[in-house]
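For reference, the structure is listed below as structure tokens.
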Protein chains: 2
Amino acid sequence: MARTSLTREEILAAAGALVRQHGPAALTMRKLAAELGTAVTSIYWHVGNRESLLDALVERTVEELGEIRPRGRTPAARVLSVARALRRELRARPHLIAMVHERGLTDRMFLPAQQALVHEVHAAGLRGARAARAVRAVQFQVVGHVLIERNRERAPVQSPAEEDLWHPSTAEQDPALARALAGAVDQDRLFTDSVRALVAGLFADPGAQEADPGGGEADPDA
Amino acid sequence: MARTSLTREEILAAAGALVRQHGPAALTMRKLAAELGTAVTSIYWHVGNRESLLDALVERTVEELGEIRPRGRTPAARVLSVARALRRELRARPHLIAMVHERGLTDRMFLPAQQALVHEVHAAGLRGARAARAVRAVQFQVVGHVLIERNRERAPVQSPAEEDLWHPSTAEQDPALARALAGAVDQDRLFTDSVRALVAGLFADPGAQEADPGGGEADPDA
DNA sequence: ACCTGAACACCGTTCAAGT
DNA sequence: ACCTGAACACCGTTCAAGT
């Protein structure tokens, strides 16, 4: 009715709200138009089409991802703090980060964090290609973890089979383990533990890993 | 034309082929019907609706995921071999594993691998809740990595910004690192390195990690 | 028991027409 | 420059009607 000229900004805001709350599937051009009180086709004039509307939303998300301030005394502790900060940022926008990811912009979104990680990895004494791999390993760990968490939360009724299938041998040998695996996952703890373990492994003396003979051929047909 | 009575099996096979090649979005009931030479509505009689058709496909995938045979001399090497075998299996069905994942069946799909991992983690001397966390850490690492790889391959034109933004300080301090981060990711190597580092960290003497003072409070507002 | 076409309520997008 | 409705080609799904 009393529209004061539709703006691109207005469209992005409304679309963003829809996606944040109900996911990208809930964003239909017709519903969006209804919400804005305009004709569907007006939206097309401002944003081209649905795909580029989503692109613009993603672009905005990438820019929003704030800078990272590492905390802690040791490089390992500071890397962990970066990882946790990232996880918190990503968890706040589950749908949008999935879209960033699908559009292959994850790396760009991670640039500020990457700079911070490079600094810490350097401080830990790593250099060159090995330092690069360490940075990427942490990055993958964080993204991977968040992606998994997102889908767990969406479908929390995990297999009931898991409980059943732990009677055989392990349950009696190690009931505490069987109980832990049957129960729900403590995501916070698992995340922290995993990152800590990964960083410890990455920062460790490389010679220590050669204690495992023939590790490189563990799975020849891979 | 000369249809010899449509079967549920036939429908699943055709639908599975469509999804494997072009993803779930390419599976429309009408296209599927055309491919099978029947009316759209016949399919509904056999499988209910599109959603339960996809469910059946996912169910099949979960069952298909073969058993795991760990290889290698040390527990660490054998865990790595399990991780690599899993990665290979998952990479062969990228669309389907994404669907398994979205339906929250990842844990069930992973049961055989989990059993194998439990065995190796036990062999490495871990017990109880700590063993459970180690098993899950590896599991998350593998799934996370494969999910990321899948989306990288779909959108390989990653940020061009990454190259630009490495001039400032690091590039001159450590040009090898800048070069490595600007270039493409060697997924095989990154995967192997990450798992190896994670396992090394998980299997390490827990006391060693306390060398990092105040690690648990690295990021108090997380 | 199995298959069918017609119909419904949705989509995204284009286009000629308005102001 | 901006907005509009009509129309097109798609969806998934239901339903009454066939054999």
Side-chain angles (χ1 to χ4, degrees), chain A residues 1-61 95-96 98-100 102-103 154-155, chain B residues 1-61 95-96 98-100 102-103 154-155:
Chain A
M1 307 282 151
R3 289 223 47 74
T4 57
S5 83
L6 187 63
T7 70
R8 185 186 153 84
E9 203 52 38
E10 211 176 344
I11 294 172
L12 286 181
L18 267 175
V19 170
R20 237 185 303 273
Q21 289 166 37
H22 311 291
L27 174 63
T28 77
M29 301 303 269
R30 285 172 155 92
K31 232 182 284 180
L32 184 56
E35 197 139 322
L36 290 166
T38 34
V40 204
T41 41
S42 306
I43 300 177
Y44 280 83
W45 194 91
H46 284 283
V47 301
N49 56 22
R50 183 172 183 274
E51 197 55 27
S52 49
L53 171 55
L54 291 178
D55 284 347
L57 250 37
V58 162
E59 187 61 36
R60 180 162 294 199
T61 304
H95 294 304
L96 281 167
M99 287 164 60
V100 168
E102 263 159 37
R103 280 164 177 72
R154 232 201 308 177
Chain B
M1 308 282 148
R3 290 223 45 74
T4 57
S5 84
L6 188 62
T7 71
R8 185 184 153 86
E9 203 52 38
E10 210 176 346
I11 294 172
L12 286 182
L18 266 176
V19 170
R20 236 184 303 272
Q21 290 167 36
H22 310 290
L27 174 63
T28 78
M29 301 302 269
R30 285 172 154 93
K31 232 181 284 180
L32 184 57
E35 197 139 321
L36 290 165
T38 34
V40 202
T41 40
S42 305
I43 299 176
Y44 280 84
W45 194 90
H46 284 282
V47 301
N49 56 22
R50 183 172 182 273
E51 197 54 28
S52 50
L53 171 55
L54 290 178
D55 284 346
L57 248 38
V58 161
E59 187 60 37
R60 181 161 295 198
T61 303
H95 295 303
L96 281 167
M99 288 166 60
V100 168
E102 262 158 38
R103 281 165 175 71
R154 231 202 310 175

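Reminder, nothing fancy here: chain letters follow the sequence lines and each chain counts from 1.
- A donor atom on one side chain and an acceptor atom on the other are not found under 3.5 Å apart for A:S52 and A:D55.
- Here the CD-CD1 distance, from A:E10 to A:I43, works out to 10.0 Å after rounding to the nearest 0.5 Å.
- Counting non-hydrogen atoms under 4.0 angstrom, A:I43 reaches nothing in the nucleic acid.
- The side chain of B:T28 places an N or O atom within less than 4.0 Å of a non-bridging phosphate oxygen (OP1 or OP2) of D:dC11.
- The salt bridge (charged side-chain N to carboxylate O under 4.0 Å, His left out) test applied to B:R8 returns no partner, not counting sequence neighbours.
- In this structure a side-chain-to-backbone donor-acceptor pair under 3.5 Å is present from A:H46 to A:L6.
- Looking at every heavy atom in both residues, A:L32 comes nearest to A:A15 through CD1-N, 3.8 Å.
- Atom CH2 of B:W45 and atom P of C:dG5 are 18 Å apart (whole Å).
- Here the straight-line distance linking atom CG of B:L27 with atom NE2 of B:H95 works out to 12.0 Å at 0.5 Å rounding.
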Distances under 3.5 Å between nitrogen or oxygen atoms of protein and nucleotides 13-17 of chain D:
{"residue": "D:dT13", "atom": "OP2", "partner": "B:Y44", "partner atom": "OH", "Å": "3.1"}
{"residue": "D:dT13", "atom": "OP2", "partner": "B:R50", "partner atom": "N", "Å": "2.9"}

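- Checking the phosphate oxygens (OP1, OP2) of C:dC3, a side-chain nitrogen or oxygen of B:H46 falls inside 4.0 Å.
- Side chain of B:T38 to backbone of B:A34: no donor-acceptor contact under 3.5 angstrom is found.
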Strand DNA chain C as a dot-bracket string - pairs counted if Watson-Crick or G-U with both distances under 3.5 Å, | where the partner lies in another strand: ||.|||||...|||||.||
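- Between the P atom of C:dC10 and the CG atom of A:L32 lies a distance of 17 Å, rounded to the nearest Å.
- What separates NZ of A:K31 from P of C:dC10 is a distance of 10 Å, to the nearest Å.
- For the pair A:L6 CG and D:dT4 C1', the computed distance is 13 Å after rounding to whole Å.
- Between B:M99 atom CE and B:E59 atom CD the span is 12.0 Å, to the nearest 0.5 Å.
- Going from atom CG of A:L57 over to atom CG of A:L18 covers 9.5 Å, rounded to the nearest 0.5 Å.
- Remark: C1' of C:dC2 and CG of B:L36 are 15 Å apart, rounded to the nearest angstrom.
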